[in-house]
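Each remark here refers to the structure printed beneath this line.
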Amino acid sequence: MIRHIVCFKMKEGCSAEEAAQMLLSMQGREETAVSVEVGVDFLRSPRSYDLILQVTLKDKDALERYQKDGYHAHTVKPYMHAHTQTERSVAVDYEIGD
């Protein structure tokens, strides 16, 4: 199994709560995703990110398909790029036990 985590900083005037709903809309629509979890930061400290996405996928091939095809690539990713500071987003992908 693969865990894909992305932390986002929102652009000025963009809502983390609305972006969270967009990310959550992948559950059940994105075939490669085993699970989708989203969290909005409540602390709002200077070092905090505004939003986190955690997606679990079956394997590395599923991660590659998730990145290139489907609802994520054609709907969610363009929305997130328009509403977040791309240069202030970070991602981690790692293997987890079954």
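Only this structure's heavy atoms are used, side chains among them; waters, hydrogens and symmetry mates stay out.
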TODO: To the nearest 0.5 Å, tell me how far Leu53 CG sits from Phe8 CZ.
DONE: 5.5 Å

Task: Main-chain N/O of Glu37 paired to Gln54 side chain as donor or acceptor, under 3.5 Å - done: no

Open item on the list: Under the criterion side-chain contact (heavy atoms from CB on, under 4.5 Å), I'd like the reasoning laid out for Met10 against Tyr49: C-alpha separation, chi angles, the key distance, then a yes or no.
Closed with: CA-CA 8 Å; Met10 304 305 297; Tyr49 280 79; over 6 Å; no

Task: Between Thr32 and Arg65: side-chain donor-acceptor atoms closer than 3.5 Å - done: no

Open item on the list: Hydrophobic clusters here meaning ILVMFWY residues chained together by side-chain heavy-atom distances under 4.5 Å, can you tell me if Ile2 and Ile52 are in one?
Closed with: no

Open item on the list: I'd like to check Met80 versus Leu23 (side-chain heavy atoms, cut-off strictly below 4.5 Å). Are they in contact?
Closed with: yes

Open item on the list: If you compare all heavy atoms of Val76 against all heavy atoms of Met26, which two are closest, and at what distance to 0.1 Å?
Closed with: CG2-CG, 3.6 Å

- [ ] Could you pull out the closest heavy-atom pair between Arg29 and Ser25, with the gap in Å?
- [x] CD-O, 3.5 Å

TODO: Answer yes or no: does atom CD of Glu87 have more than 12 heavy-atom neighbours from other residues, nucleotides or ligands under 6.0 Å?
DONE: yes

- [ ] Give the ring-plane orientation class for His4 versus His72, where under 30° counts as parallel, over 60° as perpendicular and anything between as tilted.
- [x] perpendicular

Open item on the list: Please give me the minimum heavy-atom distance between Ala62 and Leu57, naming the atom from each residue.
Closed with: O-CD2, 3.9 Å

Open item on the list: How close do Val6 and Ala91 get, counting heavy atoms only, and between which atoms?
Closed with: CG2-CB, 4.1 Å

TODO: Examine Val92 and Val38 and state if one hydrophobic cluster contains both, with Ile, Leu, Val, Met, Phe, Trp and Tyr joined whenever side-chain heavy atoms are less than 4.5 Å apart.
DONE: no

Open item on the list: Can you list everything that forms a salt bridge (Lys or Arg N to Asp or Glu O under 4.0 Å) with Glu17? Sequence neighbours excluded, please.
Closed with: Arg44

Task: Contact summary for Ala20 and Val40, nearest pair of heavy atoms - done: CB-CG2, 3.8 Å

Task: Intermediate values then yes/no, side-chain contact (heavy atoms from CB on, under 4.5 Å), Ile5 and Arg3 - done: CA-CA 6 Å; Ile5 298 175; Arg3 178 96 9 99; 3.8 Å; yes

Task: Hydrophobic cluster membership, Leu24 vs Val34, 4.5 Å side-chain cutoff - done: no

Task: Partner residues of Lys77 under the salt bridge (Lys or Arg N to Asp or Glu O under 4.0 Å) criterion, sequence neighbours left out - done: none

Task: Any side-chain heavy-atom pair of Asp59 and Met1 under 4.5 Å - done: no

- [ ] Kindly determine whether Asp93 and Leu63 satisfy side-chain contact (heavy atoms from CB on, under 4.5 Å), including the steps that lead there.
- [x] CA-CA 9 Å; Asp93 298 288; Leu63 175 61; 3.9 Å; yes

- [ ] Kindly compute the distance separating CG (Leu51) from CD (Glu18), expressed to the nearest 0.5 Å.
- [x] 12.0 Å

Task: Set of residues satisfying salt bridge (Lys or Arg N to Asp or Glu O under 4.0 Å) with respect to Glu31, sequence neighbours excluded - done: none

TODO: Mind running side-chain contact (heavy atoms from CB on, under 4.5 Å) on Val55 and Tyr66 for me, showing each step along the way?
DONE: CA-CA 10 Å; Val55 179; Tyr66 167 83; 3.6 Å; yes

Task: Nearest heavy-atom neighbours spanning Ala73 and Gln67 - done: CB-O, 3.8 Å

Open item on the list: So does Ser48 get a backbone contact from the side chain of Lys9, meaning a donor-acceptor N/O pair under 3.5 Å?
Closed with: yes

Open item on the list: Salt bridge check, Glu64 against Lys60: does any charged N sit closer than 4.0 Å to a carboxylate O?
Closed with: no

TODO: Measure the SG-CG distance between Cys7 and Asp41 for me, rounded to the nearest 0.5 Å.
DONE: 10.0 Å

